[in-house]
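Reckoned from all heavy atoms, side chains included, excluding hydrogens, waters and symmetry mates. Residue numbering restarts at 1 for every chain, and letters A, B, ... go by the order of the sequence lines. Worth saying up front: this structure is predicted, and the values here are computed from it rather than measured.
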2 protein chains.
Amino acid sequence: MPFELPNLDFAALRTLRLVHALGSFSRAAETLGLAQSTVSYTLARLREAFDDPLFVRQGQGIVPTTRCSEIVAQAGELLDRFEELAAPRDFEPAVASLEIGISCNYYERVTILPQIVRVLRCEAPGIRLKVISSTVQGKGQLTRSQSDILLGAVQIQEAGYFRRSLFKEDYVCIMDPQNPLAQVPLDLESFVRAPQVIVNYGDGYRARFLVAMETAGYRPNTAMEVPSPASMDRILLGTDLIATVPRRIAQTFRGEVASVACPVSAEIPIDMFWTARTHSSAPHVWLRSLIATVSGREAESLQDARSSETEDTHAFPDQSF
Amino acid sequence: MPFELPNLDFAALRTLRLVHALGSFSRAAETLGLAQSTVSYTLARLREAFDDPLFVRQGQGIVPTTRCSEIVAQAGELLDRFEELAAPRDFEPAVASLEIGISCNYYERVTILPQIVRVLRCEAPGIRLKVISSTVQGKGQLTRSQSDILLGAVQIQEAGYFRRSLFKEDYVCIMDPQNPLAQVPLDLESFVRAPQVIVNYGDGYRARFLVAMETAGYRPNTAMEVPSPASMDRILLGTDLIATVPRRIAQTFRGEVASVACPVSAEIPIDMFWTARTHSSAPHVWLRSLIATVSGREAESLQDARSSETEDTHAFPDQSF
DNA sequence: GTTAACCTATCGAATTTTTCGATTCATATT
DNA sequence: AATATGAATCGAAAAATTCGATAGGTTAAC
């Protein structure tokens, strides 16, 4: 009996990964819906199995040992492979019961999700969507399994992610219907001069039309910044302000505000990303296909986020290598 | 947030692998020293997790489903990787590959690092040292994991740091060999009067002999300040200036400048600090031991940076609680 | 066609592990 | 000092795993 084979369950590895990601036992417990003492006990088992303190106290919080970071990296791969292996191979939308995590921002919540939800309630009422704000962390949320699908105008260069292009969006300018600018096509000069409400998405992101403007040497007349285009109509009505928002956002204000083409042309490519972990899971394949379908015709082209390639057998397959 | 998160432990995967190999629940149970019903129960869990019968009865025995064989192949890899991951990390310098961060200043880079590097290239060529300037932030760099080891004449009062005393250094005065002061032992009065090049280490630090002088009521005749003792010889040669530097720094100028004992006695304790984060990591233990060894005999005394401390049972142990 | 041999599945009880709430302990902050 | 934060620990409760015994099902032998 020289060696005792270490034993752990995958849930323990998930806990380890989460503690590492959050830097806190208590927050991990909260996220998992468990008591803090439970996480503490799980960590004790992990410490035993790996014969390492894993986390040591430092200052306010905890800091992972060097070995811990190695382990988390490896364990992450093990978990992904296991979850891929255990992913359901077949499912019936009508009876399947599971939760799928989607990470996206306001734009996708407004333009894509409502249609998805409608279909889901009819055809797959057992699929529960857990939508979280991606802000600028969408990629990390995917890799940490905090979400299964990432939607948005995101660019991921690295290998290890699958991508499907959904559609391209462009900008329109919206304003009070009384605004003189709403009466005629908007020219560039008027656009640049007009007092604008700029959406800054809570910092860390600059809308593409702003980048395009700047590249062309213009600077908008920023009268106000807000973090989200939500209820922009309420802001604009009765003012001389204009706002430049994606076309589909503008459509949600239909009737309330006037919209005209934006003289600065900029495209927003909206993509869907996922990882190998859910790549072969039947419900995920189904949902991704649904998302692509409701996103419209443009969704026919598709690719891997990485370079390579395969083959497609479904109506709206995720990927062709 | 994936599906009904499947959970299994690695022991279950081992059982699966064994059953697959032996083609029998009972023999697997026997091999594992378990009851047959236990294996049956484990298989029930596996069947649930993978949503597949895995084994179906045929004739005398059982036969694996195709999915089962896939799973066994994958699970075998998962098990191998897990066991590799959980295997006690015995550190072999010759093959280890990792980076270790050291925070120190010019003095330690000149006196300690060259010897370390020499040993490392022979015995542990896979260890990459990342040396950063500690200036006066060494402690913060440690706690922020910007470095793993801090070397220098540092005093850390707080708890949470490990310390090992390396050696004590003293000062000598160096000057042009032609300097009259170089011909006889230097007396205090001449020392105080002599025009000095003062090393200010880029502000924020005052050399200990300066503190000692001031305490004794003397003030040096400062002719010049420089941030580092590097190439001090080039500055001194052909002048009447003197400089007071740690003995081992002076030795790097050997032959170029004359050096005499400094009449102000001040000791510089050179210590090594680290944190719990790397305390139990085999490569770090090994390197710390190496640093202590090449730092010489004086390294035998050792303590914790915190209050408690004990004696030492190993040749050059970091610490024993 | 019955029986014997050989498996796996299942049941109830015993055991072990996991979880929880409360408390304690350690550290940092006021 | 006092307070706040967060991990460790304790005892009790809940859940899971394990075991022995037995049931159910298939094959081979008579």
Do the side-chain N or O atoms of B:Arg47 get closer than 4.0 angstrom to the phosphate oxygens (OP1, OP2) of C:dA9?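 Looking at the OP1 and OP2 atoms of C:dA9, one of them is under 4.0 Å from a side-chain N or O of B:Arg47.
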
Between the protein and nucleotides 16-19 of chain C, which nitrogen or oxygen pairs come in under 3.5 angstrom?
from   : atom 1 : to      : atom 2 : distance (Å)
C:dT18 : OP2    : A:Tyr41 : OH     : 3.1

What is the distance, to the nearest angstrom, from the [atom1] atom on [X] to the [atom2] atom on [N]?
X       : N      : atom1 : atom2 : result
A:Glu48 : D:dA8  : CD    : C1'   : 16 Å
B:Glu30 : C:dC6  : CD    : P     : 13 Å
A:Arg27 : D:dT5  : CZ    : C1'   : 10 Å
A:Ile62 : D:dA8  : CD1   : C1'   : 13 Å
B:Leu8  : D:dT17 : CG    : P     : 10 Å
A:Phe55 : D:dT5  : CZ    : C1'   : 18 Å
B:Leu46 : C:dA9  : CG    : C1'   : 15 Å

Look only at the side chain of [X] and the backbone of [Y], and say whether a donor-acceptor pair between them is shorter than 3.5 Å.
X        : Y        : result
B:Arg144 : B:Leu142 : no
B:Asp51  : A:Pro88  : no
A:Thr38  : A:Leu34  : no

Between A:His20 and A:Phe55, how do the two ring planes meet: parallel, tilted or perpendicular, split at 30° and 60°?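 A:His20 vs A:Phe55 ring planes: tilted.
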
Ring centroids only, cut at 6.0 angstrom: are A:Tyr161 and A:Phe273 within range, meaning strictly under it?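 Ring centres of A:Phe273 and A:Tyr161 not closer than 6.0 Å.
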
Set of ring pair (Phe, Tyr, Trp, His ring centres under 6.0 Å) partners for A:Tyr106, sequence neighbours left out: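 Listed in chain order: nothing, the list is empty.
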
A:His284 and A:Trp274 side chains, donor-acceptor separation under 3.5 Å: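 Looking only at side-chain atoms, A:His284 and A:Trp274 do not form any donor-acceptor pair under 3.5 Å.
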
Taking only N/O atoms, report every protein-nucleotides 22-29 of chain D pair under 3.5 Å with atom names and distance.
from   : atom 1 : to      : atom 2 : distance (Å)
D:dG24 : N2     : B:Arg57 : NH2    : 3.3

State plainly whether the residues A:Asp148 and A:Arg277 are in salt-bridge range, i.e. N to O under 4.0 Å.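 Salt bridge between A:Asp148 and A:Arg277, a charged N being under 4.0 Å from a carboxylate O: yes.
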
Mind jotting down which residue pairs meet the salt bridge (charged side-chain N to carboxylate O under 4.0 Å, His left out) criterion with at least one end in residues 6-22 of chain B? Sequence neighbours excluded, please.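 Every pair satisfying salt bridge (charged side-chain N to carboxylate O under 4.0 Å, His left out) with a residue in residues 6-22 of chain B: B:Arg14-B:Glu83, B:Arg17-B:Asp80.
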
Can you name the side chain to side chain donor-acceptor pair (under 3.5 Å) partners of A:Gln141, sequence neighbours left out?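 Scan of A:Gln141 (side chain to side chain donor-acceptor pair (under 3.5 Å), adjacent residues dropped) gives A:Ser103.
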
Pull out every residue in residues 10-17 of chain B that has a heavy atom closer than 4.0 Å to any atom of DNA chain C, ordered by number, or say none.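 Close to the strand, none.
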
Nearest 0.5 Å please: distance from the CD1 atom of A:Ile62 over to the CZ atom of A:Arg57.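 Between A:Ile62 CD1 and A:Arg57 CZ, I get 9.0 Å after rounding to 0.5 Å.
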
